[in-house]
Amino acid sequence: MAMHLEEIDAIANNPEPPTFENTIVALEDAGRDLDRAQVYYRIWSGNVSSPEFREIQQEMAPKLAEFRTKIRQNKALFERIKSVYEGEEMESLRPDQQRLVWLVYDGFARNGATLEGEAKQRYAAITQRLAELYTKFSNNVLADEEGYVTYLTEDQLSGLPDSLVKAAAAAATERGHEGEYAITNTRSSMDPFLTYSKERDLREKIWRTYYSRGDNGDEHDNNALIPEILALRNERVQLLGYDNYAQWRLEDRMAKTPEGAFGLMETVWPAAVARAQEEVADMQAIADAEGAGIQIEPWDYRYYAEKVRQAKYDLDSEEVKQYLQLENLREAMFFMAGEVFNFAFEAVPEGSVPVFQEDVRVWEVTDRTSGDHVGLWYLDPYARTGKRSGAWATTYRTHENIDGEITVLGSNNSNFIKGAPGEPVLISWDDATTLFHEFGHALHYLSSTVDYPTLNGGVRDYTEFQSQILERWLATDPIIDTYLIHVETGEPMPEELVAKIKNAAKFNQGFSTTEYLASAIMDMKYHTMDPTGLDVDAFEKATLAEMNMPDEIVMRHRSPHFGHIFSGEGYSAGYYGYMWADVLTADAAEAFREAPGGFYDKELTKKMVEQLFAVRNSVDPAEAYRAFRGSDAEVGALMRDRGFPEPGK
Ligand SMILES: [Zn+2]
């Protein structure tokens, strides 16, 4: 941090008049040592965390925030940036350079650089306190995910597939409970347990434990943190002249305003709820036919949904899994990257690239035609203690070309349960889709051709588009025929089963859209309201009731563990972004369906890579999309995609 501040001072106090080169480019070129240190810091926090490391984070978070504020509030530096932004040189710059100047200027102006005196000090104090609260929030959730484990005995396993039983046995042994079965408090354990367990009481217990994370009234309870976070966020943006946090947050997003985001969500919400009610009716019919004598509750949803899936769509998740081998899917992704991005992947010799854990593997990415080096791709596939849950993509280094080209180090991370040595890891269709999704983020990093680091930045409601569209390649014929082969027979997935999967794609869309939208709408409500005296649980309950939320569904992320919006600001007033990007995805997928060569159409894939991937944030996203499609995306594509009736049709 001290080294970076020295560089900043040299730029701010340069006796030469400010220019694009000596100010904007110099800033882009500064802070390299700190960047490298932070790569390791992020790996420690995301992939190999420990109680000791969490203490360090708690100590470092406010210091890092203070450091960033120091740079943003450097008056002399901001004056120079402003001079370049408003100066004559601007006109002579290339469009990507002009955008860079604007992004840098805006990044300062939107983050307190224009403030003076008391307001400036208050701004810095708020930022520091928020950083502390974010770390606390996220560590509380992690503590509840690790701290609440449900141990089962052999007679409590009815309905569970073998793979889950094996994983639960291993998880129990790892925790010193040999002979028992551990259901850990993460989505990857909860979800399959609720789908298959025949023990209704246990389903309820696991469901309650999972959806109570951060809400247990103990030392890891997050309820008190939320109003404080919301109040501080509002106060901070009010210092800059905004009404509320969401208004500030959305200004440079595709949606532009909270109303823009609400507009989309409110168009889709009634259709999602109506579909969810139809789904519940289907489930209730099955429960009644079985003589179960129950009313569908939230902990029954996944269990009966699976029965509906089998009855109505005749699709057995376990059967599908037999065709989804992790290593084959990875090969399938490489194939797709070859056809669409012209990339070749080759494993680096073992030991030639350092890794932070023995399971992490590395591939070199090259251009198929020229053989030019593009970057390295890391894969950290397996779950372990200290690794955050879910799946994600990240970079250790991004593309740039200031003093010569710097290539990309991109990584995909997931939480698959490691199989016994030599045994293939079988995953679900959803997990396979997620694998392609995260690989889409990695391809977005790898295909970057931008010259300046800042231009690699993502626009939150746009940056999920590139990953979501990539999911669509999983169910294409060349991949099905070659890579989705049965683990024992080696036969490709039969056409019948493929047709069933495609048919079932619209299955449960009521549930998934409703659980997601409930969280997204709540996020936007939190960030447009006055949080004074907020009682989180009561507000959540009242708001959901007002929205006509079905009783059988819970928010995908309840407020006390909604890390997307309270562990930082990545998705705060931005969780809607997934759906915004989904409109683009559905619309772009229709373009591929209409193309003569479908998803492998040479012309259209080239256009996609050039207009929508390679440019990263060097072009305004709305313009980039128009360049690809010839028009804006329309919400009707999303409704058709999910099998919802289109409004007005
Ligand atoms: Zn994503």
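Source: prediction; values computed, not measured. Side chains included, hydrogens not; waters and symmetry mates left out as well; all remaining heavy atoms used. Remember, it's 1-based here, ligands and their atoms both numbered in the order they're listed.
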> What is the name of the N/O/S atom in His441 that sits closest to the Zn ion (ligand 1)?
NE2
> Let me see the working for Phe335 and Phe439 under ring-ring contact (aromatic ring centres under 6.0 Å, His included), right down to the final yes or no.
CA-CA 12 Å; Phe335 164 78; Phe439 193 58; over 10 Å; no
> Nearest to the Zn ion (ligand 1), which N, O or S atom of Glu464 do we find?
OE1
> How long is the span from the CZ atom in Arg249 to the CE atom in Met524, to the nearest 0.5 Å?
10.5 Å
> Looking at His437, pick out the N, O or S atom nearest to the Zn ion (ligand 1) and give its name.
NE2
> Does a donor on one side chain sit under 3.5 Å from an acceptor on the other, for His437 and Ser467?
yes
> When you look at Tyr211 and Met190, which way does the side chain to side chain contact (heavy atoms under 4.5 Å, CB included) test go after all the steps?
CA-CA 10 Å; Tyr211 286 102; Met190 171 278 292; 4.0 Å; yes
